[in-house]
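Reviewing the structure listed below.
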Amino acid sequence: MSDKIRVGVSACLLGEEVRYNGGHKRDRFLTDILSAYAEFVPLCPEVEAGYPTPRPTFRLIGNPDAPRMQIPLTQSDVTDHMRVWCDTKLDALQQQAPLCGFVLKSKSPSCGMERVKVYNDKNAPIAEGRGLFAHALMQRFPTLPVEEEGRLHDLRIRENFVERLFVEQRWRELIDQCPTSNGLEQFHRRHKLLFMARHADGLKLLGQIVAQGEQGDFSARLNAYHTGIHKLMATPARISRHVNALHHAMGYFKNQLTACDKQELLQSIEDYRAQNLPLIVPITLIRSYARRFECDYLLDQIYLNPHPKELKLRNHA
């Protein structure tokens, strides 16, 4: 991939002083690490909708499934104004180069992805809501990888989100090339182990879509494949599924290994299963053997290099 990944982000997470109190919530993973690979598209719903900084706090009230937005200090209902802004902003984003993901500010009545406080008629908060902009964003772009900065402190969730960003970027590059059935088949082949480490049934479903070639409505099948990727990649891979993918990869050269080499690789996989070693250890061994035995299929697998090694996302046990 030649270009940086376009990622939407709540502006306060980049250090912009747009919060209600005039401050920010700079997130160092985004600004100091991911920024080397991402072109951020910042926004702040409340500021861009016309509210000043600093400003009175906003809150969600009523039904958590369809909350209203209110300024408690003045009892002003700003729901309709914010919804109009959300629709206008999303229309504008849809006309620009596609985003490959979005990082939202947690707990925000505008941007919170989950567990946002919604106040009932007794003024008691229930943490079951979603910010107005976050809801509109996820409704408009249902296959877009979306996360909150708080959840990205969990290394498994961070690894999964970044993998999704890079998969989405590769998908966008495929679509930009006016894909054929052969192009889709090549994309699927390169991602097979990565998808296998998520869900075998999901991989099978994607394979069935690819196998239809260009018969019928190929554009509809591309959309179905993209939706399938989103569902398959939405949840971080379990250790057991990584172990399955590692054993599958080993099968391409196991008969060429010496007994000692085979034992070392199997032991590294078992140590990873027991969480005594990070995933990068068996992956590194498999990459080494794939090069030694010239396993072109494995060397072309995204699973062995899903993102830049500088991110160190597979270095945790």
Side-chain angles (χ1 to χ4, degrees), residues 7-35 38-93 99 101-141 144 146-154 157-158 161:
V7 180
V9 62
S10 295
C12 62
L13 299 177
L14 299 181
E16 296 188 22
E17 296 176 339
V18 293
R19 285 176 59 78
Y20 71 94
N21 59 2
H24 63 79
K25 284 288 185 179
R26 179 185 175 190
D27 185 272
R28 293 191 178 277
F29 169 68
L30 298 178
T31 61
D32 298 357
I33 301 175
L34 191 60
S35 60
E39 173 195 347
F40 291 127
V41 181
L43 62 82
C44 175
E46 293 165 24
V47 169
E48 293 188 31
Y51 298 99
T53 302
R55 57 187 174 274
T57 58
F58 288 43
R59 68 165 48 168
L60 300 180
I61 62 172
N63 180 358
D65 293 329
R68 307 288 296 179
M69 180 177 275
Q70 182 188 74
I71 301 176
L73 182 65
T74 61
Q75 298 294 299
S76 303
D77 188 307
V78 299
T79 312
D80 293 340
H81 177 71
M82 288 299 298
R83 285 178 176 165
V84 168
W85 177 85
C86 288
D87 288 342
T88 302
K89 184 66 176 183
L90 294 174
D91 287 343
L93 288 175
L99 296 174
F102 216 107
V103 182
L104 295 164
K105 177 68 191 79
S106 60
K107 302 179 182 179
S108 162
S110 298
C111 292
M113 187 181 79
E114 60 182 27
R115 300 188 302 277
V116 179
K117 290 181 180 178
V118 180
Y119 290 78
N120 61 23
D121 55 4
K122 296 180 181 179
N123 206 34
I126 303 173
E128 296 181 357
R130 175 176 287 167
L132 290 192
F133 175 72
H135 177 78
L137 172 74
M138 297 171 79
Q139 287 286 108
R140 179 73 70 93
F141 304 113
L144 185 70
V146 178
E147 269 298 350
E148 295 182 328
E149 97 291 352
R151 282 169 49 87
L152 292 179
H153 295 161
D154 182 312
I157 292 175
R158 177 184 295 186
F161 179 66

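All heavy atoms count here, side chains included; hydrogens, waters and symmetry mates do not.
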Say whether, by atom type as modelled, one donor and one acceptor occur between the side chain of [X] and the main chain of [Y] under 3.5 angstrom.
X: Arg26; Y: Gly15; result: no
X: Asn63; Y: Pro67; result: no
X: Glu148; Y: Leu104; result: no
X: His81; Y: Ala49; result: yes
X: Glu48; Y: Pro45; result: no
X: Ser10; Y: Cys12; result: no

Which atom pair, heavy atoms only, marks the closest approach of [X] to [Y]?
X: Tyr119; Y: Pro125; result: CE2-CB, 3.7 Å
X: Gln70; Y: Ile61; result: NE2-CD1, 3.7 Å
X: Ser108; Y: Cys111; result: OG-N, 3.0 Å
X: Val118; Y: Gly62; result: CG1-O, 3.4 Å
X: Thr53; Y: Gly22; result: CG2-CA, 3.5 Å
X: Arg130; Y: Gly112; result: CG-O, 3.5 Å

For the residue pair [X] and [Y], establish whether any side-chain heavy-atom pair is separated by less than 4.5 Å.
X: Arg151; Y: Met113; value: yes
X: Val103; Y: Phe161; value: yes
X: Val9; Y: Val41; value: no
X: Ile157; Y: Glu147; value: yes
X: Leu13; Y: Phe40; value: no

Steps toward side-chain contact (heavy atoms from CB on, under 4.5 Å) verdict (Val7, Leu99): CA-CA 6 Å; Val7 180; Leu99 296 174; over 6 Å; no
Rounded to the nearest 0.5 Å, how far does [atom2] of [Y] lie from [atom1] of [X]?
X: Phe102; Y: Leu93; atom1: CZ; atom2: CG; value: 6.5 Å
X: Asp27; Y: Leu14; atom1: CG; atom2: CG; value: 9.0 Å
X: Thr57; Y: Ile71; atom1: OG1; atom2: CD1; value: 8.5 Å
X: Cys44; Y: Glu16; atom1: SG; atom2: CD; value: 8.5 Å
X: Leu60; Y: His135; atom1: CG; atom2: NE2; value: 11.5 Å

Carboxylate-amine/guanidinium proximity below 4.0 Å for Glu149 and Lys105: yes
Those residues that, when tested against Asp87, pass side-chain contact (heavy atoms from CB on, under 4.5 Å) (two or more places apart): Arg140
Non-neighbouring partners of Thr79 that pass side-chain contact (heavy atoms from CB on, under 4.5 Å), sequence neighbours left out: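 If we apply the side-chain contact (heavy atoms from CB on, under 4.5 Å) test to Thr79, skipping adjacent residues, the hits are Arg68, Met69, Asp77, Arg83, Leu132.
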Over 12 non-hydrogen atoms of neighbours within 6.0 angstrom of NZ in Lys89: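 Yes, because the 6.0 Å sphere around NZ of Lys89 holds more than 12 heavy atoms from other groups.
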Test log, rule salt bridge (Lys or Arg N to Asp or Glu O under 4.0 Å), inputs Arg19 and Glu46: CA-CA 9 Å; Arg19 285 176 59 78; Glu46 293 165 24; over 6 Å; no
Ring-face cation of Arg55 near Tyr20 (centre distance under 6.0 Å, axis angle within 45°): no
Aromatic plane relationship, Phe133 with Trp85 - under 30° parallel, 30 to 60° tilted, over 60° perpendicular: tilted
